[in-house]
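Structure record follows, encoded as structure tokens.
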Amino acid sequence: MDIFVHFKSVIVEVIAQMGHGELDMSRINAEPPRDKTHGDIATNAAMILCKPLAMKPRDLAQNIAELLQAHADVSSVEVAGPGFININVAPSFWASRFASLVAQKTDFGKPEKNNIKLMVEFTSANPTGPIHIGHVRGTVFGDSLANLLDWAGYDVFREYYVNDAGSQIITLARSAYLRYCEVLGDEINIPEGFYPGDYLVPVGEALVEQYGDKLKQMDESQYIPLVREFVMAAMFEMIKSDLLLLDVKFDNFFSERELHANGAIEQTLGDMRARGLVYQGTLPAPKGQLPDDYEEREQTLFKATDWGDDIDRALIKSDGSFTYFAADLAYHRDKYLRGYKQQIDVLGADHGGYVKRLKAAVRAVSNNDAELDVKICQIVKLLKNDEVQTMSKRAGNFVTLKDLYNEVGKDPIRFMMLYRKNEAPIDFDFDKVTDKSRENPVFYVQYAHARTYSIMRQAKVALDGFDAEQFDFTETDLTLLTDESEINLIKSLLNWPKVALTAAEFHEPHRISFYLFDLAANFHGLWNKGKEMPQLRFIVDDNDALSYARLAMVQAVADVIKVGLGILGVNAPQQMK
RNA sequence: GCCCGCGUAGCUCAGUUGGAUAGAGCAUCGGAUUUCUACUCCGAGGGUCAGGGGUUCGAAUCCUCUCGCGGGCACCA
């Protein structure tokens with residue numbers, strides 16, 4: 001159990017012992033104080049309970065403190081400020097917690113499976129071209145969040161929603177057909193609005209290989225479906241192999257076209273009609289710049305305002321087909337019917353305006369039984385030689401994931417995409433992310449892990465026959481670790497479960513990367529101290545017992561970093577190149 | 001016009017969901033170090049948390065108004 005959860009229960013116990021067990025203690029916390037002179041754990045208990053008990057907070061704090069003092073896990077207690085109770089934890093408690101980290105290794109702090117089904121939908125890029133920089137952040141974020149929630153015990157499913165039903169697929173097919181004609185010797189020019197990227201050239205070649213010139217003898221209505229299927233399959237292979245560059249694998253690719261084909265949208269709308277959630281009505285014209293072809297008309301609307309949206313949403317287009325949103329309703333209903341009451345959608349910054357209606361959709365289709373969290377990932381600004389790399393989608397010169405990968409590799413991409421919270425924009429600097437110095441957090445954290453292995457390799461020589469892989473660190477005397485900087489490192493290690501659980505709870509994987517950077521700094525700092533003070537080195541001459549205890553600590557650093565980097569999807573190397 | 005997000009040190013950003021004297025990296029300044037165990041180390045200065053008002057024991061955090069930046073705003077995907 002997380003130490004803060006443990007001490008909260010100790011505090012609650014003590015208050016019950018005082019005869020106030022019936023009070024509401026939900027707002028009581030037990031947290032690490034910002035200021036280290038305030039002890040290991042601070043609680044606001046007295047300030048929360050002073051009102052119902054009609055006592056002065058400091059008096060109440062004093063009473064609680066006296067009882068806490070008697071607890072075995074507490075070494076000293078003091079009342080401070082407006083009524084905080086600051087607890088210093090008994091060394092024996094740290095030692096026993098640390099011992100369980102040493103024993104549990106990479107499983108330390110990992111909760112039991114909770115069997116809650118949870119779906120993370122991410123990437124969901126239109127299958128009309130390669131994965132590019134605009135998709136990378138959401139992809140890494142979604143994948144790492146899924147890793148994190150998996151670690152936290154959820155039954156996680158990763159899904160990619162494929163927008164294969166819209167007109168852009170037809171445009172894609174036409175664009176591929178042009179390339180096909182080009183391969184057959186035609187002069188082509190690619191009209192505005194078509195996909196100009198040269199990734200369609202191989203598709204054109206493959207079409208020739210498959211069909212020869214037969215397509216040219218068909219009407220458009222005949223060849224388009226053929227080309228569409230062909231090019232979609234090709235795009236999929238390309239997207240999947242792009243995603244593999246980042247080690248991202250989906251459990252399922254969900255086709256929008258299926259929803260149209262198998263009647264799921266009609267069914268969804270039928271259900272909603274039966275529940276009175278659909279009506280014929282007219283929406284007020286949007287403010288600001290009106291589209292040229294705007295005309296006010298009566299349409300089929302979803303009563304989204306009943307479920308928290310600002311405006312009701314159209315379900316059927318003027319040509320009689322379903323809107324994109326109608327398909328989305330059916331899609332999220334499908335997730336719910338598959339048993340996912342917890343859903344997360346990861347979207348790009350340009351979809352911010354979509355959040356409310358999606359949440360309304362999930363509430364409506366599940367009748368408030370399911371919950372959706374939408375994570376919006378802000379844009380990534382690419383910098384090279386201090387210049388912003390501009391790109392234009394129209395010209396097709398966007399930076400692809402493959403370009404990025406070829407230049408810097410997987411680890412810097414993944415780590416840097418997670419070194420900001422999702423709502424904050426990222427500056428991705430090509431020159432810095434492969435830098436080998438403290439300025440580059442990717443390197444700094446990976447290096448800390450590599451350094452633990454380096455130490456173990458040296459220990460093999462210094463301590464005859466030692467082998468970190470085989471050695472049973474639970475046999476070492478951990479109470480020998482008493483230096484302040486060692487204790488600080490151990491406390492940082494013991495903070496891992498709280499950090500990881502909080503990150504999981506709030507769907508914020510960036511907390512992991514910041515924690516790892518902090519842990520690495522602690523570890524490197526201790527190492528550096530060993531330069532000046534040989535008695536603080538991990539391997540101490542003529543003191544094997546102390547060396548083993550310190551190696552247990554080094555092993556714990558390795559284990560925590562390995563798990564943390566694993567969640568981020570970043571490699572934990574045994575050696576830096 | 002409306003909705004969403006953001007605004008924290010010179011710069012880029014964290015901030016344990018309401019806690020005590022607001023942190024880190026870079027940059028700046030001041031020292032140490034010359035290869036010692038692996039890609040330097042230690043320290044200092046630097047703040048009206050965009051601004052006003054409110055809620056309470058206590059606000060960067062919650063409410064409200066104002067300003068600035070970004071994104072979005074019938075039927076497109």
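Here is how names work: the chains are called A, B, and so on, in the same order as the sequence lines, proteins then strands, and each is numbered from 1.
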CG of A/D164 to CD of A/E256, rounded to nearest 0.5 Å, is 6.5 Å
Output the rounded distance in Å from CG (A/L60) to P (B/rC57). 15 Å
Does any nucleotide pair with B/rC2 by Watson-Crick or G-U wobble geometry, both distances under 3.5 Å, and what is it? B/rG72
Ring-ring centroid check A/F430 A/F428, cutoff 6.0 Å: yes
Measure the distance from NZ on A/K381 to P on B/rG70 and round it to the nearest whole Å. 11 Å
Touch class at under 4.0 angstrom, heavy-atom based, for A/K51 against every strand present: sugar-phosphate
Less than 4.0 angstrom from a charged side-chain N to a carboxylate O is my criterion; do A/K491 and A/D40 meet it? yes
Does B/rC39 have a Watson-Crick or wobble mate here (both distances under 3.5 Å), and if so which one? none
Would A/E508 and A/N422 satisfy side chain to side chain donor-acceptor pair (under 3.5 Å), going step by step from the backbone distance to the final call? CA-CA 8 Å; A/E508 293 181 341; A/N422 57 292; over 6 Å; no
Looking at A/K303, I'd like to know if its NZ atom is crowded, meaning that more than 12 non-hydrogen atoms belonging to other residues, nucleotides or ligands lie closer than 6.0 Å. yes
Salt bridge flag under 4.0 Å for residues A/D345 and A/K375: no
Atom OH in A/Y331, atom OH in A/Y324: separation rounded to 0.5 Å? 9.5 Å
N-O pairing of A/R550 and A/E486 below 4.0 Å: yes
Tell me: CZ of A/F514 to C1' of B/rA24, nearest whole Å? 9 Å
Should the pair A/F325 and A/Y354 be assigned to parallel (<30°), tilted (30 to 60°) or perpendicular (>60°) ring geometry? perpendicular
Which atom pairs, donor and acceptor, lie under 3.5 Å between side-chain atoms of residues 76-89 of chain A and protein residues at least two apart or in another chain?
from: A/S76; atom 1: OG; to: A/N88; atom 2: ND2; distance (Å): 3.3

Test item: A/D328 and A/Y161 side chains (from C-beta on) under 4.5 Å apart, heavy atoms: yes
Atom pairs, protein N/O to nucleotides 19-23 of chain B N/O, distance under 3.5 Å:
from: B/rA20; atom 1: OP1; to: A/R34; atom 2: NH2; distance (Å): 2.7
from: B/rA20; atom 1: OP2; to: A/R34; atom 2: NE; distance (Å): 2.9
from: B/rA20; atom 1: OP2; to: A/R34; atom 2: NH2; distance (Å): 2.9
from: B/rA20; atom 1: N6; to: A/N86; atom 2: OD1; distance (Å): 2.4
from: B/rA20; atom 1: N1; to: A/N86; atom 2: OD1; distance (Å): 3.2
from: B/rA20; atom 1: N1; to: A/N86; atom 2: ND2; distance (Å): 3.0

For B/rU66, measure the glycosidic angle (O4'-C1'-N9-C4 for a purine, O4'-C1'-N1-C2 for a pyrimidine) and name it syn if it falls within 90° of 0, otherwise anti. anti
Report, as a single string ordered 5' to 3', how protein heavy atoms within less than 4.0 Å touch nucleotides 2-10 of chain B: B base, S sugar-phosphate only, - not at all. -SSS-----
May I ask you to check whether A/Y444 and A/H524 place their ring centers less than 6.0 Å from one another? yes
If we call it a pair only when both distances are under 3.5 Å in a Watson-Crick or G-U wobble match, what pairs with B/rC57? B/rG19
Just jot down the ring-ring contact (aromatic ring centres under 6.0 Å, His included) partners of A/Y160, sequence neighbours excluded, or say none. A/F250, A/F253
Does B/rC11 have a Watson-Crick or wobble partner in any strand here, with both distances under 3.5 angstrom, and which is it? B/rG25
Does any nucleotide pair with B/rC49 by Watson-Crick or G-U wobble geometry, both distances under 3.5 Å, and what is it? none
What N/O pairs connect the protein and nucleotides 75-77 of chain B at under 3.5 Å? Give each pair on its own line.
from: B/rC76; atom 1: OP1; to: A/Y324; atom 2: N; distance (Å): 3.1
from: B/rA77; atom 1: OP1; to: A/K317; atom 2: NZ; distance (Å): 3.3
from: B/rA77; atom 1: OP2; to: A/K317; atom 2: NZ; distance (Å): 3.3
from: B/rA77; atom 1: O3'; to: A/Q168; atom 2: OE1; distance (Å): 3.1
from: B/rA77; atom 1: O3'; to: A/Q168; atom 2: NE2; distance (Å): 2.9
from: B/rA77; atom 1: O2'; to: A/N126; atom 2: OD1; distance (Å): 3.3
from: B/rA77; atom 1: O2'; to: A/N126; atom 2: ND2; distance (Å): 3.0
from: B/rA77; atom 1: O2'; to: A/Q168; atom 2: NE2; distance (Å): 3.4

B/rA44 versus B/rC49 - spacing of their C1' atoms, nearest Å: 23 Å
For A/R58, which contact category applies under a 4.0 Å heavy-atom criterion: base, sugar-phosphate, or nothing? nothing
Categorize A/F443 for me: base, sugar-phosphate, or nothing, with a 4.0 angstrom heavy-atom threshold over every strand shown. base
Specify the closest pair of heavy atoms between A/V136 and A/I413, including all atoms of both residues, with the distance to one decimal. CG1-CG2, 3.7 Å
Every protein N/O lying under 3.5 Å from an N/O of nucleotides 26-37 of chain B:
from: B/rU37; atom 1: O4; to: A/R537; atom 2: NE; distance (Å): 2.9

Taking for each residue the nucleotide of RNA chain B bearing the nearest heavy atom, is the 5' side occupied by A/Q574 or by A/Y419? A/Y419
